[in-house]
J.: 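Structure incoming, see below.
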Amino acid sequence: MSELLVLENFINGEFVKCQSLIDNIDPSCGEVYGKVPDSPAETVDAAVQSAREAFKSWSHRPAAERSRFLMKIADGIEARLAEFAAAESRDQGKPVWLATRVDIPRAVYNFRFFATAALHQITTSTSQPEFGAINYSTQTPIGVAGLISPWNLPLYLLTFKIAPALAAGNTVVAKPSEMTSVTAWMLCQVFQEAGLPAGVCNMVFGTGATSGQALTSHPDVPVISFTGGTATAQVIRQAIAPFNKKVSLELGGKNPSIVFSDADLDVCISTHLRSCFTNQGEICLCTSRVFVQDTIYDEFVRRFVEATRTLTVGDPKSADTKIGALISSQHRDKVKSYIDIGRKDGRVLCGEGVDSAPVLPSGLEKGYYVRPTVIVDCEDSSPCMQEEIFGPVACISKFTTQEEVIERANGVKYGLAACVWSRDVSRVHNVAHELQAGTVWTNCWMVRDLNMPFGGMKASGTGREGFKDSMEFFTESKTICIKT
């Protein structure tokens with residue numbers, strides 16, 4: 001057995017050992033391959049104090065200087081792209097090719113995007129000649145930003161928080177998910193190589209109940225950005241309430257896709273394979289409910305099931321694998337429990353319990369695999385249609401009219417994203433305006449522009465992320481009036 005990879009916290013520019021450690025498991029085989037700190041409150045406090053001290057100088061550095069550091073970090077990640085991708089796959093269970101094409105390049109892009117965004121901030125000014133006064137506004141950094149990221153897109157989403165926070169002049173204490181911490185630890189190595197000043201970005205590892213609670217409730221952390229589950233967000237809201245902290249919450253979704261009869265089915269079906277099953281369905285933006293107009297319902301279901309059965313489940317290292325391992329045995333069992341509900345409330349057409357188990361290479365038999373599964377005939381009240389499954393499960397339902405499907409699509413507590421499929425330009429505009437979702441894609445999925453606001457409605461979150469929104473979130477607006 002190879003030596004265990006033992007991670008260390010990164011505080012004040014140095015790696016610091018932690019006495020309390022938890023297992024880090026490779027989802028593809030179910031074996032422990034490393035140890036991750038479970039940082040106590042004292043360690044979190046040390047990181048916060050380091051960030052507070054670093055803020056005094058970092059917040060006063062010119063934007064162009066901060067930008068250069070972010071560019072160096074981007075270059076450092078890119079230089080080790082293959083290494084980062086392999087680590088992300090082993091930690092999370094996703095195929096290596098997916099991490100290579102999507103996760104790690106996006107982390108690089110996050111730093112480059114916000115490095116340049118910081119150079120193009122425009123503030124407002126007004127003149128009041130009747131008072132002999134002028135007014136102008138500034139955007140000032142807030143202080144220490146507490147950033148908590150999830151396990152599904154580990155480096156991708158962590159850097160989407162770190163980059164704008166640093167670009168805006170804040171310092172950071174970040175806590176990635178304890179289940180996927182390796183690439184965050186590797187990122188700290190890049191920080192050192194890039195010469196990032198000590199204390200500007202600190203990384204503490206650990207569970208939400210220990211390290212996360214200490215970070216969100218710390219009185220010297222005035223701003224919190226969290227991506228994760230709705231239940232955890234409620235705990236965070238309670239923790240920050242006494243401090244009136246600034247908070248951004250990007251949470252779960254139960255995302256609908258509406259397929260009208262005039263949709264291009266070839267493009268639609270191939271895109272739904274991605275939107276339902278990419279990253280094992282472990283993306284908050286994945287399509288979970290597919291509403292298909294009655295006149296094309298049978299054809300869509302037949303072709304989609306046929307296409308789903310072609311997806312290879314197995315070794316994340318294989319270039320042929322489309323569906324890797326789920327994050328944990330507990331999550332695998334949760335996903336399978338929803339499939340059992342779907343079998344009771346409707347019909348399972350392919351996947352778990354219908355098709356044969358995937359053929360796995362030797363050594364991967366104990367991995368956390370679930371076949372991509374298609375469920376039909378569930379009522380809208382079924383847990384399969386109401387609750388976030390967060391796995392490779394698609395629920396398909398028939399509709400007749402536009403008015404009907406809009407009401408049904410909106411009939412959940414979530415409002416993160418949606419898709420509309422139609423060649424009718426007027427229809428897609430009208431439907432998009434009526435859907436209760438932060439992002440609506442038309443005839444596509446996961447086309448992202450970081451200039452645009454990203455976030456959810458209802459139980460899917462509070463606040464938005466993106467160029468303008470992130471830079472505003474990580475700063476405070478100040479109006480200065482000068483009487484001449």
Side-chain angles (χ1 to χ4, degrees), residues 5-22 24 34-55 58 69-70 72-74 76-77 80 83-84 87-88 91-92 104 107 110-111 143-151 153-167 170-208 210-216 218 220-221 223-228 474:
L5 176 65
V6 181
L7 305 190
E8 297 175 324
N9 291 309
F10 186 69
I11 300 173
N12 201 35
E14 298 180 348
F15 288 98
V16 180
K17 294 182 183 296
C18 182
Q19 296 301 312
S20 178
L21 299 171
I22 54 181
N24 192 25
K35 296 287 185 178
V36 177
D38 191 14
S39 304
E42 295 78 13
T43 300
V44 174
D45 181 63
V48 172
Q49 299 313 320
S50 171
R52 285 190 71 197
E53 184 63 27
F55 179 76
W58 181 255
F69 278 110
L70 267 61
K72 287 181 182 179
I73 293 167
I77 300 171
R80 298 170 60 185
E83 184 184 352
F84 268 96
E88 199 77 298
D91 224 17
Q92 200 273 339
I104 309 308
N110 284 338
F111 278 107
V144 180
L147 312 178
I148 302 176
S149 58
W151 50 257
L153 301 170
L155 195 66
Y156 179 129
L157 292 176
L158 177 64
T159 55
F160 193 38
K161 298 180 184 298
I162 291 177
L166 296 184
N170 301 281
T171 53
V172 165
V173 177
K175 192 207 84 67
S177 169
E178 68 275 15
M179 291 189 282
T180 52
S181 295
V182 173
T183 51
W185 173 74
M186 294 169 62
L187 178 62
C188 297
Q189 298 170 355
V190 174
F191 290 159
Q192 286 186 324
E193 294 163 2
L196 188 69
V200 169
C201 190
N202 305 271
M203 201 79 65
V204 291
F205 303 104
T207 62
T210 303
S211 312
Q213 175 67 21
L215 181 58
T216 55
H218 199 292
D220 295 326
V221 180
V223 57
I224 298 290
S225 179
F226 168 80
T227 296
F474 285 114

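Scope of the values below: all heavy atoms of this structure, side chains included, with no hydrogens, waters or symmetry mates. Model, not experiment: these values are computed from the prediction. Here, residue 1 is the first one in the sequence, and each next residue gets the next number.
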J.: Residues two or more places apart in sequence or in another chain: which of them pass side-chain hydrogen bond (donor to acceptor under 3.5 Å, both in side chains) with T43?
T.: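 T43 satisfies side-chain hydrogen bond (donor to acceptor under 3.5 Å, both in side chains) with no residue once adjacent residues are dropped.
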J.: Could you list the residues that satisfy salt bridge (Lys or Arg N to Asp or Glu O under 4.0 Å) with R80, not counting sequence neighbours?
T.: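 Testing R80 for salt bridge (Lys or Arg N to Asp or Glu O under 4.0 Å), a comparison that skips the adjacent residues, returns E83, E193.
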J.: Quick one: salt bridge (Lys or Arg N to Asp or Glu O under 4.0 Å) partners of K35, sequence neighbours excluded?
T.: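 Checked K35 against salt bridge (Lys or Arg N to Asp or Glu O under 4.0 Å); matches are D23.
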J.: Taking side-chain hydrogen bond (donor to acceptor under 3.5 Å, both in side chains) as the definition, give me every residue that meets it alongside D91, ordered by chain and number, with sequence neighbours left out.
T.: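 Per chain and number, D91 pairs via side-chain hydrogen bond (donor to acceptor under 3.5 Å, both in side chains) with N24, Y33.
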J.: When rounded to the nearest 0.5 angstrom, what distance separates OG1 in T180 from CD in E178?
T.: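 Interatomic distance, T180 OG1 to E178 CD, rounded to 0.5 Å: 8.0 Å.
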J.: Please enumerate all residues that pass ring-ring contact (aromatic ring centres under 6.0 Å, His included) together with F191, with sequence neighbours excluded.
T.: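 If we apply the ring-ring contact (aromatic ring centres under 6.0 Å, His included) test to F191, skipping adjacent residues, there are no hits.
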J.: Can you name the residues that form a side-chain contact (heavy atoms from CB on, under 4.5 Å) with A87, not counting sequence neighbours?
T.: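 V182, T183, M186.
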J.: Would you say the side chain of P40 lies within less than 4.5 Å of the side chain of C18, judging by non-hydrogen atoms?
T.: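 A side-chain contact under 4.5 Å exists here.
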J.: Step by step, would you call V173 with V221 a side chain to side chain contact (heavy atoms under 4.5 Å, CB included)?
T.: CA-CA 9 Å; V173 177; V221 180; 5.7 Å; no
J.: Look up atom SG in C201 and atom CG in N12, then write down how far apart they are to the nearest 0.5 Å.
T.: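 Rounded to the nearest 0.5 Å, the SG-CG separation comes to 12.5 Å.
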J.: Can you name the salt bridge (Lys or Arg N to Asp or Glu O under 4.0 Å) partners of E14, sequence neighbours left out?
T.: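 Expected list: none.
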J.: Just jot down the side-chain hydrogen bond (donor to acceptor under 3.5 Å, both in side chains) partners of N110, sequence neighbours excluded, or say none.
T.: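 Per chain and number, N110 pairs via side-chain hydrogen bond (donor to acceptor under 3.5 Å, both in side chains) with R106, T159.
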J.: Any idea which heavy atoms bring K72 and A194 closest together, and the distance?
T.: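 Between these two residues, the closest heavy atoms are CD-O, 3.6 Å.
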J.: Scan side-chain atoms only and decide if S225 and K161 contain a donor-acceptor pair under the 3.5 Å cut-off.
T.: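 A donor-acceptor contact under 3.5 Å links the two side chains.
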J.: Of all residues at least two apart in sequence or in a different chain, which pass the ring-ring contact (aromatic ring centres under 6.0 Å, His included) check with F10?
T.: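 By the ring-ring contact (aromatic ring centres under 6.0 Å, His included) rule, F10 matches F15.
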J.: For T210, enumerate each residue passing the side-chain contact (heavy atoms from CB on, under 4.5 Å) test, keeping only those at least two apart in sequence or located in another chain.
T.: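 Expected list: D38, T207.
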J.: Just so I know, are the side chains of L155 and F84 near enough to count as touching, which here means a heavy-atom distance under 4.5 Å?
T.: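 Answer yes - side chains close enough.
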J.: Looking at every heavy atom in both P150 and S177, which two are closest together, and how far apart are they?
T.: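 In this case the closest contact between P150 and S177 is C-CB, 3.8 Å.
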J.: Would you indicate whether the side-chain heavy atoms of W58 and V172 approach each other to under 4.5 Å?
T.: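 Side-chain contact under 4.5 Å: no.
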J.: As a quick check of understanding, evaluate side chain to side chain contact (heavy atoms under 4.5 Å, CB included) for V190 and F111, giving each step before the final call.
T.: CA-CA 12 Å; V190 174; F111 278 107; over 6 Å; no
J.: If we only count heavy atoms from C-beta on, is the S149 to F160 side-chain gap below 4.5 Å?
T.: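 No, side chains not in contact.
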J.: Could you measure the distance from the CG atom of N202 to the CG atom of L147? Nearest 0.5 Å is fine.
T.: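 Answer for the CG-CG pair, N202 versus L147, is 11.0 Å.
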J.: What is the distance from atom OG1 of T171 to atom CZ of F55, rounded to the nearest 0.5 Å?
T.: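 That separation rounds to 6.5 Å.
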J.: Looking only at heavy atoms, what is the nearest atom pair of A47 and I11, with distance?
T.: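 It is CA-CG2, 3.8 Å.
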J.: Say you draw a straight line from CG of L196 to CG of L70; how long is it, rounded to the nearest 0.5 Å?
T.: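 Here the rounded value is 8.0 Å.
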J.: Search all heavy atoms of G195 against all heavy atoms of F69 and return the closest pair with its distance.
T.: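 Smallest interatomic distance, heavy atoms only, reads O-CE2, 3.2 Å.
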J.: Atom NZ in K175, atom OG in S181: separation rounded to 0.5 Å?
T.: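 With rounding to 0.5 Å, NZ (K175) is 6.5 Å from OG (S181).
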J.: Mind checking side-chain contact (heavy atoms from CB on, under 4.5 Å) for Q49 and listing every partner two or more places apart, or none if nothing turns up?
T.: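 Scan of Q49 (side-chain contact (heavy atoms from CB on, under 4.5 Å), adjacent residues dropped) gives D45, R52, H218, D220.
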J.: Holding to side-chain contact (heavy atoms from CB on, under 4.5 Å), I want the full list of residues that pass it with A214, two or more places apart in sequence or in another chain.
T.: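 Only A41, V44 meet the side-chain contact (heavy atoms from CB on, under 4.5 Å) criterion with A214.
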J.: Could you point out which residue of V204, V16, L7 forms a side chain to side chain contact (heavy atoms under 4.5 Å, CB included) with P37?
T.: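 Of V204, V16, L7, side chain to side chain contact (heavy atoms under 4.5 Å, CB included) with P37 is met by L7 alone.
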J.: State, to 0.1 Å, how close V144 and V48 come at their nearest heavy-atom pair, and which atoms those are.
T.: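 Nearest heavy atoms, V144 then V48: CG2-O, 4.1 Å.
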J.: Do W185 and M203 make a side-chain contact, defined as non-hydrogen atoms from C-beta onward lying under 4.5 Å apart?
T.: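 Contact flag for W185/M203 side chains = no.
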